[in-house]
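In what follows, every chain begins at residue 1, and chains take the letters A, B, ... in the order their sequences are listed.
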There are 2 protein chains.
Amino acid sequence: MATGRTHRPATRSRGIPEATVARLPLYLRALTALSERSVPTVSSEELAAAAGVNSAKLRKDFSYLGSYGTRGVGYDVEYLVYQISRELGLTQDWPVVIVGIGNLGAALANYGGFASRGFRVAALIDADPAMAGKPVAGIPVQHTDELEKIIQDNGVSIGVIATPAGAAQQVCDRLVAAGVTSILNFAPTVLSVPDGVDVRKVDLSIELQILAFHEQRKAGEEAGAGTAQQAAAARSDAADQGPDGDVPAVMPA
Amino acid sequence: MATGRTHRPATRSRGIPEATVARLPLYLRALTALSERSVPTVSSEELAAAAGVNSAKLRKDFSYLGSYGTRGVGYDVEYLVYQISRELGLTQDWPVVIVGIGNLGAALANYGGFASRGFRVAALIDADPAMAGKPVAGIPVQHTDELEKIIQDNGVSIGVIATPAGAAQQVCDRLVAAGVTSILNFAPTVLSVPDGVDVRKVDLSIELQILAFHEQRKAGEEAGAGTAQQAAAARSDAADQGPDGDVPAVMPA
DNA sequence: ATGTGTGAAGTACTTCACAGCC
DNA sequence: GGCTGTGAAGTACTTCACACAT
């Protein structure tokens with residue numbers, strides 16, 4: 001059990017690479033925008049630009065899902081939206097609980113991108129008795145004591161932890177014991193979970209530290225001998241959004 | 001300019017792999033905890049467990065920084081804290097501005113992990129005139145009109161965007177024009193930036209969608225022929241925290 | 001003509017396994 | 001004897017480049 005190592009020898013759920021899965025939501029967002037503008041078809045080049053990746057990667061990604069495009073033409077927007085949604089499991093309804101209703105928890109509760117994507121905030125839970133009953137984003141906050149009952153009554157399998165770091169592991173254990181098998185963790189802690197439970201982590205301070213690292217490099221290169229050549233080769237990261245295609249996004253209030 | 005593609009031929013800033021950089025903050029956090037408990041040394045095995053990675057990876061990561069361990073003994077906690085902090089550029093002070101002071105922006109402003117890690121919230125900026133002057137986390141909110149002046153007066157190079165999606169690109173453009181070269185984007189949009197500017201993205205809805213994908217697989221495998229073998233091999237992701245070591249974390253209020 | 005789908009080549013990251021130092 | 005540091009092997013992901021369908 002401990003920190004729950006796991007070697008994941010070839011986890012590839014059914015042949016779709018994890019890196020591809022992480023990009024599908026990006027494509028879906030771009031496609032949804034096109035759909036709203038009633039654009040009927042897109043080329044891999046256009047869609048890739050909108051999603052911030054390169055077109056070869058996008059075509060390869062789609063090839064794992066099937067052959068949904070038409071050579072010489074492109075992809076049918078509506079059809080692709082459906083296929084990706086289905087692949088991601090967004091055609092079904094996912095009740096979600098948010099535990100820890102501070103500023104962050106409230107921000108998450110208010111996040112509009114939820115309902116639109118198959119997610120439904122089933123309940124807000126907080127340890128502070130003073131919060132109980134107070135509505136946040138139109139949903140009354142419930143006390144932690146009710147956690148197990150809420151999970152079971154609503155058939156919740158996805159939990160969001162937005163508590164302080166000190167409470168996170170305990171909340172996590174209770175969520176898992178009650179039947180939650182996927183956790184999105186905003187607390188700056190490494191959570192231990194049994195096999196079969198997925199944890200994803202979102203950590204502001206880590207992101208900032210990564211930015212600081214690159215920022216420092218930029219400053220150094222500027223100062224250090226400007227070998228022109230070196231300066232040119234310097235840092236051209238920029239786009240492709242975040243040093244590695246991965247990573248996710250919250251939503252402002 | 002467009003979506004600002006970039007092939008980043010061998011960006012590796014100075015030989016440290018991006019994947020390693022992304023883990024340094026994790027190690028740093030674990031080490032800081034050990035330091036607070038006055039633990040003098042750690043083995044790669046122990047530290048790896050605390051950080052949620054495996055020990056071979058950790059040793060390899062550290063080998064990119066130098067030979068800071070002692071064979072047969074382990075790593076000196078204080079010394080490593082210093083070396084990693086320096087490598088990440090945390091020994092200097094990074095003034096940061098947060099734009100968009102809704103629930104999320106407020107949550108970020110209140111995040112304690114800031115000051116402790118070399119980051120300082122230099123200013124909070126919001127487009128709503130009604131917010132101007134109101135203190136959030138003890139810092140008075142300033143109006144967007146002041147953005148350029150704030151950036152320049154404080155020498156800010158890192159900006160956090162927590163505005164609604166619609167405002168993000170415009171805010172981003174202004175930040176970049178004013179001199180910001182690293183952006184942490186919480187708005188669910190792909191930002192276009194010129195070369196030399198780093199963008200990292202944090203997106204709640206993408207994380208949830210990735211969880212939903214795996215959640216769906218779990219359900220499917222349960223139902224589908226339980227080839228015992230298949231069920232056993234099933235999904236053993238779990239720990240290693242989030243399908244790929246990467247990703248970051250916000251902090252609750 | 002145009003743009004998809006994909007083997008093949010290239011690159012990045014991880015894990016193994018063990019020599020070498022304490 | 002214990003634990004680091006690292007070449008070498010293995011795996012995962014990306015990019016190229018072009019055959020092939022429309």
Q. Okay, side chain of A:Gln83, backbone of A:Leu65: is any donor-acceptor separation there less than 3.5 Å?
A. no
Q. C:dT4, C:dT14, C:dC13: which one has an atom nearest the side-chain heavy atoms of B:Arg23?
A. C:dT14
(Q) Measuring centre to centre across the rings, with the benzene-like ring taken for any Trp, is A:Phe62 within less than 6.0 Å of A:Tyr68? (A) no
(Q) What's the closest nucleotide to the side chain of B:Ser63 if the choices are C:dC13, D:dC13, D:dG5? (A) D:dG5
Q) For A:Phe62 and C:dG5, what is the distance between atoms CZ and P respectively, to the nearest whole Å? A) 9 Å
Q. Rounded to whole angstroms, how far apart are CG on B:Leu80 and P on D:dT4?
A. 10 Å
Q | Side-chain N,O (B:Tyr64) to OP1/OP2 (C:dT14) below 4.0 Å | A | no
Q: Can you establish whether the number of heavy atoms outside B:Gln92 located under 6.0 Å from its atom CD is more than 12?
A: yes
Q.
Any N or O donor-acceptor pair under 3.5 Å from the base of D:dT22 to the side chain of A:Arg71?
A. no
Q. Rounded to the nearest Å, what distance is computed from the CG atom of residue A:Leu47 to the C1' atom of nucleotide C:dG5?
A. 16 Å
Q.
Under 4.0 Å from OP1 or OP2 of C:dT14: is there any side-chain N or O of B:Asn54 that close?
A. no
(Q) From CD of B:Glu46 over to P of D:dG2, roughly how many Å is that when rounded to an integer? (A) 14 Å
Q. OP1 or OP2 of C:dT4 sitting under 4.0 Å from any side-chain N/O of A:Ser44?
A. yes
Q | Closest-nucleotide 5' rank along DNA chain C - winner of A:Lys60 and A:Thr70 | A | A:Thr70
**Q.** Residue mapping more 5' on DNA chain D - nearest nucleotide basis, B:Gly74 or A:Asp61
**A.** B:Gly74
Q. In whole angstrom, what separates B:Leu58's CG from C:dT15's C1'?
A. 14 Å
Q) Within the distance-only criterion (no hydrogens, no angle test), does the side chain of A:Lys201 pair as donor or acceptor with the backbone N or O of A:Leu184 below 3.5 angstrom? A) no
Q) DNA chain C: A:Gly72 or A:Arg59, which has the more 5' nearest nucleotide? A) A:Gly72
Q.
Output the rounded distance in Å from NZ (B:Lys57) to P (D:dT6).
A. 19 Å
Q | NZ/NE/NH1/NH2 to OD/OE distance under 4.0 Å, A:Arg59 and A:Glu45 | A | no
Q) How close or far is atom P of C:dC21 from atom OH of B:Tyr68, stated in whole angstroms? A) 19 Å
Q) Which whole-number value in Å describes the distance from B:Tyr75 OH to C:dC22 C1'? A) 14 Å
